[in-house]
Amino acid sequence: MGDLESPRVERTIATRDTDKFGQALCAFANDLADSRLPGVLFVGVDDAGQPSGLTVTDQLLQNLAAIASDGNLLPPPVVSVEKRILSGGEVAVVEVQPSHDTPVRYKGIVWVRRGPQRGRANPEEERRLSEKRASHLGRPWDSRPCPEATLEDLALELFALDYRRAAVAPEVISENDRPLEHQLAALRFFDFGKSRPTNAGVLLFGTDPEFFFPGAYVQFVRYAGRDRAAEVAADRRLSGDLGQILRALGQLADELAGGRPEYVDHFREVTAYDFPPRALRELLVNAIIHRNYESSSTPIQIDHFEDRLEILNPGGLHPDLSRELFPRGTAYRNPVLAEAARVLGYANRFGRGIEVAQAEIKKNGSPSAEFFPADNHFLVTIWKRP
């Protein structure tokens with residue numbers, strides 16, 4: 001704290017400058033110098049390296065921790081926040097681990113540290129960060145190259161006209177004269193080493209994603225009863241690129257909601273639902289993000305019975321998340337797809353989908369959703385409001 005600012009250290013007396021904090025965390029996560037060591041933001045420390053007299057509150061610590069999960073820092077790095085007594089004063093210490101999934105962006109802009117200074121990355125620095133990501137082994141499945149795919153298998157206008165505008169700050173796009181492969185790689189949709197689109201790129205922008213991943217669709221079945229022995233009343237297949245599937249799932253959630261006015265007193269009515277639509281959206285998006293695309297050709301299955309909905313997802317819990325930690329912990333099998341869901345507006349924050357769904361279900365007066373993780377699948381049961 002008392003040393004000079006460096007590529008790994010930043011100090012500030014500000015306590016409410018969220019954008020400044022977000023840019024600092026982004027720059028540390030990108031680790032342009034490739035130190036492979038954490039960066040530290042000291043909040044409540046002056047330029048001389050001394051405590052400023054700040055009183056560190058729980059709210060301040062929560063606000064700092066939320067920067068890594070509010071959806072503006074993508075992909076979210078590993079961040080720890082704590083209160084420390086240093087040099088006789090209270091200090092909020094934010095430690096940021098270098099990301100293996102660079103470049104990291106804050107509000108669509110890549111930030112880096114050049115010595116003690118923080119600034120926007122130039123195209124050459126973004127290229128270095130993309131190549132640094134490619135050098136890491138054990139990358140998640142969705143950021144690996146798809147061996148059979150080429151750029152010709154992508155609907156590139158989906159990326160250029162829709163996704164890029166939502167993911168990258170307008171001023172960066174206006175300055176951007178890099179080849180399309182470099183732009184795709186910066187967002188983890190193209191692999192320079194293999195000169196191939198990544199699996200996430202094919203799922204999001206592929207003209208025919210199911211050609212490469214046969215189970216990349218959703219099957220919906222409505223039964224005229226309470227089990228699968230009942231007659232099939234309706235069925236639907238939701239397919240296409242991931243954006244199309246997410247839009248179709250949103251429409252399906254609205255159809256299944258079954259909203260109706262309910263009497264409260266002489267002057268009030270509230271809308272009650274068979275299944276709260278926001279809860280359905282959260283759980284359906286979770287299914288898309290967390291399913292196993294790598295070794296399963298089984299689609300996501302949504303079964304609608306008279307008394308409940310069941311969402312059956314290929315793939316159990318991510319290995320980093322034990323059954324004991326679920327649902328309090330968060331781990332992503334497909335972090336690039338998780339980021340894409342946030343960019344496309346289908347997820348607001350990371351790690352809160354189940355919490356939000358249960359809150360909506362409780363507010364609706366419905367029984368709590370039930371979760372049944374197994375080794376090779378994940379079942380969610382949502383009960384119809386009595």
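In this structure Ala29 satisfies the side chain to side chain contact (heavy atoms under 4.5 Å, CB included) test together with Pro77, Val96, Ser99, Val104, sequence neighbours excluded. Applying the side chain to side chain donor-acceptor pair (under 3.5 Å) criterion to His377, with sequence neighbours excluded, gives no partner residue. When the side chain to side chain contact (heavy atoms under 4.5 Å, CB included) test is applied to Leu37, the partners found at least two apart in sequence or on another chain are Arg8, Ser35. Not counting sequence neighbours, Glu306 has no partner by the side chain to side chain donor-acceptor pair (under 3.5 Å) test. Judged as a side chain to side chain donor-acceptor pair (under 3.5 Å), and not counting sequence neighbours, the contacts of Glu10 are Arg113, Arg118. With sequence neighbours left out, the side chain to side chain donor-acceptor pair (under 3.5 Å) criterion links Arg260 to Asp274. For the salt bridge (charged side-chain N to carboxylate O under 4.0 Å, His left out) test, no residue two or more places apart in sequence or in another chain qualifies with Glu95.
Counting only residues at least two apart or in different chains, side-chain hydrogen bond (donor to acceptor under 3.5 Å, both in side chains) contacts with residues 196-217 comprise Glu210-Arg237. Screening residues 45-59 for salt bridge (Lys or Arg N to Asp or Glu O under 4.0 Å), with sequence neighbours left out, gives no hits. For the salt bridge (Lys or Arg N to Asp or Glu O under 4.0 Å) condition, no pair includes a residue of residues 146-162, sequence neighbours left out. Among residues at least two apart or in separate chains, side-chain hydrogen bond (donor to acceptor under 3.5 Å, both in side chains) pairs with a member in residues 294-303 are Arg144-Glu294, Arg228-Asp303, Asn292-Ser295, Gln301-Asp303. For residues 75-91, the salt bridge (Lys or Arg N to Asp or Glu O under 4.0 Å) pairs, not counting sequence neighbours, are Glu82-Arg84, Lys83-Glu90.
Checked against the 6.0 Å centroid criterion, the rings of His182 and Phe190 do not qualify as a close aromatic pair.
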